[in-house]
Peer 1: 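Sharing a structure here in structure tokens format.
Note that this is a predicted model, so its numbers are computed, not measured.
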Amino acid sequence: GITEAQARAIVNNALKLYSQDKTGLVDFALESGGGSVLSTRCSETYETKTALLSLFGVPLWYFSQSPRVVIQPDIHPGNCWAFRGAQGYLVVRLSMAVHPTAFTLEHIPKALSPTGNITSAPKDFAVYGLESEYQEEGLLLGQFTYDQDGESLQMFHVLKRPERAFQIVELRILSNWGHPEYTCLYRFRVHGEPIK
Amino acid sequence: GITEAQARAIVNNALKLYSQDKTGLVDFALESGGGSVLSTRCSETYETKTALLSLFGVPLWYFSQSPRVVIQPDIHPGNCWAFRGAQGYLVVRLSMAVHPTAFTLEHIPKALSPTGNITSAPKDFAVYGLESEYQEEGLLLGQFTYDQDGESLQMFHVLKRPERAFQIVELRILSNWGHPEYTCLYRFRVHGEPIK
Amino acid sequence: PRSGDLCCPPTWLTWTPYLVLSYVNGPPP
């Protein structure tokens, strides 16, 4: 059995980690920290023409989430970037050059999905390190699978720490969990060791 | 006494629920998920004319929160919709038609209120299911009281699951906790079962 | 109080100084 003091320590440490972006690790892709989306290659934002913004009764435009939301921390239902189909690309410039060690992919929990499922979540994906924004095939840092029955936040470690450091990474989504029309990306993070 | 592993499990489950919008339930009113504010009927937004926005030193307009904040997740002090008096209405279109089962009303905790009290918090309120935006008297789903001495987030269950499903609900605030000029709504959520 | 006092035009949205968001074609992705 544990004492009250030990229980408090467990709680405090858990809350501390939770408040440290849930991971306690630097996210070099985070937009406010200096990350930016360079391109989505040939992926196409899925335009539903449903969220109409108006002012003084005058319709202005249809709003849809941009790819930037993938490197922003809000993951409430709907705050995702949706691309057409199940294959998509996101090229991100990190806040600094790092030796990537892990990636985090987040999706809303099934419990909060109005449809009760997360078929639009990514499934198989790969991450590449690029030497320049236009490099077509970078260095494969790892291929992983986001588990729709797993935790909302999943971390994937690179098998072998790359010798090179990269400031540009490409997230390549290869399949989703069944949605026929689009795939949603809520948040992608890049963890690693900065170059000395 | 409990073991350390049991304590960790308790803490982790609590944090998991907390991270699921604190309730683990779908909020069909949430704007990013597809909910929208249709109207406020005859309530009048309370204009404080205090928050002045300027550009290049030129004053532009007084800013006040729109009713949309009631279906947005940020509940920091001030991020509420204030209506004049103690009776107000909010007509919300849900992201889909559901059989409502519960409603959540949130207000800032007293501890965070600069005045030390929450007299502008709603007190008695009722929720109606509407068949159309202009229906005058919908189906009463329940009448409830938000307790100013209770938790910041309070959930209210409908007594009887309605046979009909509704995509439009009306929140009718009937009284507040004493503020003579206005009432503030921080967040209103609608939980329910989607139609099959 | 009745909500039925549609004393003001139902489309309150028309002259409000806020950006209004409405979903016209189903829920967002």
Peer 1: Is the shortest side-chain heavy-atom distance between A:Tyr146 and A:Ser175 below 4.5 Å?
Peer 2: no
Peer 1: Consider side chain to side chain contact (heavy atoms under 4.5 Å, CB included). Of A:Trp81, A:Tyr89, A:Phe83, which one does A:Pro67 pass it with?
Peer 2: A:Trp81
Peer 1: Of the backbone (N, CA, C, O) and the side chain (C-beta and beyond), which part of A:Thr48 lies under 4.5 Å from a heavy atom of chain C, both, or neither?
Peer 2: both
Peer 1: Decide yes or no for A:Val190 and A:Leu30: does some side-chain heavy atom of the first lie under 4.5 Å from some side-chain heavy atom of the second?
Peer 2: no
Peer 1: Count the heavy-atom pairs under 4.5 Å between each of A:Lys49, A:Glu181, A:Gln65 and chain C, then report the option with the highest count.
Peer 2: A:Lys49
Peer 1: Specify which of A:Pro77, A:Ser54, A:Ser64 makes the most heavy-atom pairs with chain C at under 4.5 Å.
Peer 2: A:Ser54
Peer 1: Could you tell me whether A:Arg172 sits above the aromatic face of A:Phe125, with NZ or CZ closer than 6.0 angstrom to the six-membered ring centre and within 45 degrees of the axis?
Peer 2: no
